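Please find one structure pasted underneath; my questions will follow.
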Amino acid sequence: MDYLKKILLVFVVVVVCVGIIFTISSFQGQNNSKQLQNQNDQINLQWNTDLNSALKLSQKSNKLVFIDFYADWCGYCKELNKETFTDQKVKEKFAQKYVLVKINGDLYPDITSKYKVYGYPTLLILDSNGNEIKRQTGFVSATELLNII
């Protein structure tokens with residue numbers, strides 16, 4: 001009978017140790033995941049809402065202007081913000097090469113008319129004088145956007 005108690009005690013100790021090791025490794029995995037998330041959050045994109053100010057900043061910084069024409073009711077616009085603009089590589093390229101602008105087309109029909117925006121989202125790349133270089137209409141993935149910008 002003592003023999004069975006010893007085997008049971010060893011079994012319980014092994015199970016408890018495995019549980020502790022699993023718990024510790026789980027916490028380390030969460031910590032590594034948080035560190036990776038913090039690295040992704042280090043680049044905070046600055047989106048302008050005033051095109052004229054963005055063009056002036058573009059001239060001073062020698063960067064192009066990237067405009068995201070959107071509407072609050074646009075599902076693909078929300079997807080673009082959630083999936084594409086949060087991608088680390090997209091954020092890095094934006095930070096290096098562009099002055100960013102978000103324009104709600106419903107609130108600024110004069111600008112949407114000037115740039116002939118007829119659907120959302122519409123993404124434009126402009127030179128520092130406001131001349132269109134590239135245009136993309138509709139949702140794009142991060143990979144697709146990286147090929148555009």
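All values derive from a computational prediction rather than experimental measurement.
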Exercise. Does Asn48 use its side chain to pair, donor to acceptor, with the backbone of Leu100 at less than 3.5 Å?
Worked result: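 Confirmed, Asn48 side chain pairs with Leu100 backbone.
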Problem set entry | Shortest non-hydrogen contact between Glu132 and Tyr115, atoms and distance |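 Minimum heavy-atom contact is OE1-O, 4.5 Å.
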Problem set entry | Side-chain touch Leu51/Ile111, heavy atoms, less than 4.5 angstrom |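 Yes; the side chains approach each other to less than 4.5 Å.
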Problem set entry | With Ser53 via side chain to side chain contact (heavy atoms under 4.5 Å, CB included) - residues at least two apart |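 Asp50.
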Exercise. Side chain of Lys63, backbone of Ala95: donor and acceptor closer than 3.5 Å?
Worked result: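 Yes.
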Exercise. What pairs with Lys93 under side chain to side chain contact (heavy atoms under 4.5 Å, CB included), at least two apart in sequence or on another chain?
Worked result: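 Listed in chain order: Lys97, Leu146, Ile149.
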Exercise. Does Thr112 use its side chain to pair, donor to acceptor, with the backbone of Pro109 at less than 3.5 Å?
Worked result: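 Between the backbone of Pro109 and the side chain of Thr112 there is a qualifying donor-acceptor contact (under 3.5 Å).
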Problem set entry | Linked, directly or transitively: Ile133 and Val101 (ILVMFWY side chains, under 4.5 Å) |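 Different clusters.
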Exercise. Is there a path from Leu80 to Trp73 through hydrophobic residues (I, L, V, M, F, W, Y) whose side chains come within less than 4.5 Å of each other?
Worked result: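 No.
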For this session: Check step by step if side chain to side chain donor-acceptor pair (under 3.5 Å) holds for Glu92 and Gln88.
Result: CA-CA 6 Å; Glu92 288 171 3; Gln88 184 64 22; 3.2 Å; yes
Problem set entry | With Lys102 via side chain to side chain contact (heavy atoms under 4.5 Å, CB included) - residues at least two apart |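 If we apply the side chain to side chain contact (heavy atoms under 4.5 Å, CB included) test to Lys102, skipping adjacent residues, the hits are Trp47, Asp68, Tyr70, Asn81, Phe85.
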Exercise. Listed by chain and number, what are the side-chain hydrogen bond (donor to acceptor under 3.5 Å, both in side chains) partners of Ser61, not counting sequence neighbours?
Worked result: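 side-chain hydrogen bond (donor to acceptor under 3.5 Å, both in side chains) list for Ser61, sorted by chain: empty.
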Exercise. Counting only heavy atoms not in Tyr108, do more than 12 sit closer than 6.0 Å to its OH atom?
Worked result: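 No, because the 6.0 Å sphere around OH of Tyr108 holds 12 heavy atoms or fewer from other groups.
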Exercise. Taking side chain as C-beta onward, heavy atoms only, is Tyr76 less than 4.5 Å from Glu79?
Worked result: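 The answer is yes; the side chains approach within 4.5 Å.
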Problem set entry | Shortest non-hydrogen separation from Ser58 to Val65 and the atoms involved |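 Heavy-atom minimum between the residues: CB-CG2, 3.5 Å.
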Problem set entry | Minimum heavy-atom distance between Ile148 and Gln136, given as atom pair plus value |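 Answer, listing the atom of Ile148 first, then Gln136: CD1-OE1, 3.4 Å.
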Exercise. Residues two or more places apart in sequence or in another chain: which of them pass side-chain hydrogen bond (donor to acceptor under 3.5 Å, both in side chains) with Asp87?
Worked result: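 Counting only residues at least two positions away or on another chain, Asp87 forms no side-chain hydrogen bond (donor to acceptor under 3.5 Å, both in side chains).
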Problem set entry | Single-linkage hydrophobic cluster Phe94~Leu57, side-chain heavy atoms < 4.5 angstrom |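 As far as the 4.5 Å side-chain criterion goes, Leu57 and Phe94 are not connected within one cluster.
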Side-chain donor-acceptor contacts of residues 118-128 below 3.5 Å, not counting sequence neighbours, with atom names and distances?
unit_1, atom_1, unit_2, atom_2, d
Thr122, OG1, Gly119, O, 2.5
Asp127, OD1, Asn129, N, 2.9
Asp127, OD1, Gly130, N, 3.0
Asp127, OD1, Asn131, N, 2.9
Asp127, OD2, Asn131, ND2, 3.2

Problem set entry | Atom of Thr84, atom of Val140 and distance for their closest heavy-atom approach |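 In this case the closest contact between Thr84 and Val140 is OG1-O, 2.6 Å.
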Problem set entry | Sidechain-backbone polar pair: Lys82 side chain, Cys77 backbone, donor-acceptor under 3.5 Å |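 No; zero donor-acceptor contacts below 3.5 Å.
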Exercise. Going through the checks in order, is the side chain to side chain contact (heavy atoms under 4.5 Å, CB included) test met by Asp72 and Asn104?
Worked result: CA-CA 7 Å; Asp72 290 333; Asn104 184 332; 3.4 Å; yes
Exercise. Under a 4.5 Å side-chain heavy-atom rule over Ile, Leu, Val, Met, Phe, Trp and Tyr, are Leu55 and Ile67 clustered together?
Worked result: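 Same cluster: Leu55 reaches Ile67 through Ile, Leu, Val, Met, Phe, Trp or Tyr contacts under 4.5 Å.
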For this session: Output the distance between atom CZ (Phe69) and atom NZ (Lys116), rounded to the nearest 0.5 Å.
Result: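 It comes to 12.0 Å.
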